[in-house]
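What follows is a single structure, written as structure tokens, with notes after it.
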Number of protein chains: 2
Amino acid sequence: MSERDVAEAIAIDAETRTHGHGDHKDELRLWLRLLTCTNLIEAEIRSRLRERFNVTLPRFDLMAQLEKAPDGMTLGELSRRMMVSAGNVTGLVDRLVQDGLLERHAAPADRRSSLVKLTAKGHESFATMAEAHGDWIGDFFNQLDDGDMGELMRLLGRTKASVRRAMEQSDEQGNEE
Amino acid sequence: MSERDVAEAIAIDAETRTHGHGDHKDELRLWLRLLTCTNLIEAEIRSRLRERFNVTLPRFDLMAQLEKAPDGMTLGELSRRMMVSAGNVTGLVDRLVQDGLLERHAAPADRRSSLVKLTAKGHESFATMAEAHGDWIGDFFNQLDDGDMGELMRLLGRTKASVRRAMEQSDEQGNEE
DNA sequence: ACGAATTATTTTAAGCTTAAAATATCTCGC
DNA sequence: GCGAGATATTTTAAGCTTAAAATAATTCGT
């Protein structure tokens with residue numbers, strides 16, 4: 001064993017002892033719990049939306065975006081806000097228009113774009129669903145007190161910032177110049 | 001206004017003043033942040049798995065389950081652990097067998113079932129991906145100290161418990177007897 | 001042992017999702 | 001005004017996902 005090898009072994013051992021790392025066990029457990037928790041809630045919302053309103057979660061999410069935009073929104077804007085691909089939005093919008101919940105208009109200034117907005121039926125339908133949805137979420141977090149909720153908000157904010165930083169750094173690695 | 005209406009108005013007002021509720025604004029904001037945070041991480045993992053290993057997240061998850069079961073696992077067991085439908089597992093397993101990463105065997109005691117396990121190629125492939133995956137997760141949570149991670153674990157545990165309780169209660173409502 | 005109920009899996013139909021290629025339009029510098 | 005590059009959207013092909021129906025095999029009470 002060379003001196004360099006010995007030094008390395010000691011360094012690794014020191015890191016293992018002090019931080020328990022080299023692996024990323026704690027981080028993996030935390031990620032697993034975060035994922036499980038979110039999936040649990042999301043699956044329940046999905047299931048209730050289907051059972052009680054015969055609607056999918058993506059359709060509900062799209063309608064929620066439009067509810068906040070009385071003058072309508074382009075497909076590109078929807079795609080960015082929902083964080084899904086443009087092609088995905090095309091299909092969702094088509095099906096919602098089919099159901100009479102949305103209407104498409106030519107965009108006044110740009111012939112590439114169209115504006116979509118909720119119809120009266122769409123607004124009405126969304127209002128009913130949104131109220132139930134709000135109640136469900138209220139129930140789900142019912143056992144957390146205000147302190148827990150605030151702390152969770154704070155920690156998730158830190159987590160999001162940490163992830164974005166990690167993503168930016170790996171972008172820099174990947175891109176020349 | 002009847003006396004009953006007055007009492008009701010006061011009660012509602014009192015609740016609004018003391019808890020800021022009736023709506024569920026804080027809970028909705030918390031849920032939105034939880035969802036955004038999870039989706040951000042999940043999308044990045046998905047994208048990296050595809051780019052660097054040409055594999056989908058569901059396939060990676062399925063292989064991760066099998067890695068822990070040297071003697072193989074039934075499709076039903078996989079379905080329960082991955083929390084996805086049985087039909088979903090059928091398709092995933094078929095495609096992974098096609099790729100030579102999994103093998104199916106008849107279950108010894110139950111002719112309805114089959115056992116699936118990783119092939120040598122599957123183990124090898126998974127080991128490479130799992131190491132990268134662990135590093136990514138380690139990076140993502142890099143900015144959180146041990147205290148933050150512990151607190152986040154605790155709060156997510158409380159949240160999960162709260163959600164499960166809410167789900168059980170609504171089950172009781174729904175089921176006769 | 002018989003048959004009813006349960007369990008394991010597959011099939012089917014519909015919808016969601018993405019990346020990549022194709023169209024169509026716009027913008028901007030010259 | 002022209003043309004190159006950017007932008008908005010649609011199309012395509014492949015895979016993921018689910019609920020519900022269909023198959024097949026097991027279990028259990030009698």
Side-chain angles (χ1 to χ4, degrees), chain A residues 35 38-40 42-63 65 72-99 101-102 104-116, chain B residues 35 38-40 42-63 65 72-99 101-102 104-116:
Chain A
L35 186 60
T38 303
N39 285 348
L40 183 66
E42 191 169 333
E44 185 69 12
I45 294 171
R46 216 178 269 276
S47 149
R48 290 184 184 189
L49 282 174
R50 173 165 32 241
E51 278 173 29
R52 304 193 197 178
F53 302 112
N54 192 35
V55 80
T56 64
L57 184 54
R59 288 183 196 197
F60 177 79
D61 287 343
L62 195 153
M63 292 173 80
Q65 291 297 331
M73 201 181 277
T74 64
L75 298 195
E77 187 80 17
L78 273 173
S79 167
R80 276 186 296 279
R81 297 213 190 187
M82 296 176 70
M83 298 195 289
V84 301
S85 69
N88 193 351
V89 172
T90 298
L92 282 170
V93 165
D94 286 349
R95 287 184 289 269
L96 283 165
V97 168
Q98 275 281 316
D99 293 350
L101 299 166
L102 259 59
R104 283 180 99 121
H105 304 287
D110 189 336
R111 280 190 300 173
R112 293 169 303 178
S113 298
S114 50
L115 286 176
V116 287
Chain B
L35 186 60
T38 303
N39 285 348
L40 183 66
E42 192 169 332
E44 184 69 12
I45 294 173
R46 218 180 269 278
S47 149
R48 291 184 182 188
L49 282 175
R50 175 167 27 242
E51 277 174 28
R52 304 191 198 181
F53 302 112
N54 192 36
V55 80
T56 65
L57 184 53
R59 289 182 195 197
F60 177 79
D61 287 344
L62 195 154
M63 291 174 80
Q65 291 297 330
M73 202 182 276
T74 65
L75 298 194
E77 187 80 17
L78 274 172
S79 168
R80 276 187 296 278
R81 297 212 189 187
M82 294 177 72
M83 299 194 290
V84 302
S85 69
N88 193 350
V89 172
T90 297
L92 282 170
V93 166
D94 286 350
R95 287 184 289 269
L96 283 166
V97 169
Q98 276 281 316
D99 293 350
L101 299 166
L102 258 58
R104 283 178 100 121
H105 302 288
D110 188 336
R111 280 191 300 174
R112 293 169 304 179
S113 299
S114 51
L115 285 176
V116 286

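Here is the naming used below: chain letters follow the sequence lines, and residue numbers restart at 1 for every chain.
One interatomic measurement links the two molecules: CG of B/Leu57 to C1' of C/dT17, which rounds to 13 Å at whole-angstrom precision. Rounded to whole angstrom, the span from the CE atom of A/Met82 across to the P atom of C/dT18 amounts to 10 Å. The CG-C1' distance, from B/Asn54 to C/dA19, rounds to 12 Å in whole Å. Atom pair B/Arg59:CZ and D/dT17:P shows a separation of 11 Å (rounding to whole Å applied). A/Leu49 has its CG atom 17 Å from the P atom of C/dG15, to the nearest Å. Note: CD (A/Gln98) to P (C/dG15) measures 10 Å, nearest angstrom. A straight line from CG of A/Asn88 to C1' of C/dG15 spans 10 Å, rounded to a whole angstrom. The interatomic distance linking A/Leu92 (CG) with D/dT11 (C1') rounds to 15 Å, in whole Å.
Panel note: side chain B/Asp110, backbone B/Arg112; a donor-acceptor pair is recorded below 3.5 Å. Panel note: side chain A/Ser79, backbone A/Val84; a donor-acceptor pair is recorded below 3.5 Å. A distance-only check finds no donor-acceptor pair linking the side chain of B/Ser114 to the backbone of B/Ala107 [under 3.5 Å].
Both A/Arg95 and B/Glu77 lie near DNA chain C, and the one whose nearest nucleotide falls closer to the 5' end is B/Glu77.
Across all strands shown, B/Arg46 has no heavy atoms under 4.0 Å from either base or sugar-phosphate atoms. Contacts of B/Val84 with the nucleic acid, taken as non-hydrogen atoms under 4.0 Å apart, involve only primed sugar atoms and P, OP1 or OP2.
Look at A/Arg111 and you won't find any side-chain N or O under 4.0 angstrom from OP1 or OP2 of C/dT23. Taking only side-chain nitrogens and oxygens, A/Arg50 comes nearer than 4.0 Å to OP1 or OP2 of D/dA19.
Using a cut-off of 4.0 Å between Lys/Arg side-chain N and Asp/Glu carboxylate O, A/Arg104 and A/Asp94 are scored as salt-bridged. Taking the charged nitrogens against the carboxylate oxygens, B/Arg48 and B/Glu51 have no contact shorter than 4.0 Å, which rules out a salt bridge.
Across all non-hydrogen atoms, the minimal contact from A/Leu115 to A/Gly72 is CD2-C, 4.2 Å.
The side chain of B/Thr56 approaches D/dC16 more closely than any other nucleotide in the set C/dT10, D/dC16, D/dT10.
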- Task: At under 4.0 Å between heavy atoms, which parts of nucleotides 3-8 of chain C does protein reach? Answer with one letter per nucleotide, 5' to 3': B base, S sugar-phosphate only, - none.
- Result: ----BS

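Side-chain contact between A/Thr38 and B/Leu35 is present, with heavy atoms from C-beta onward closer than 4.5 Å.
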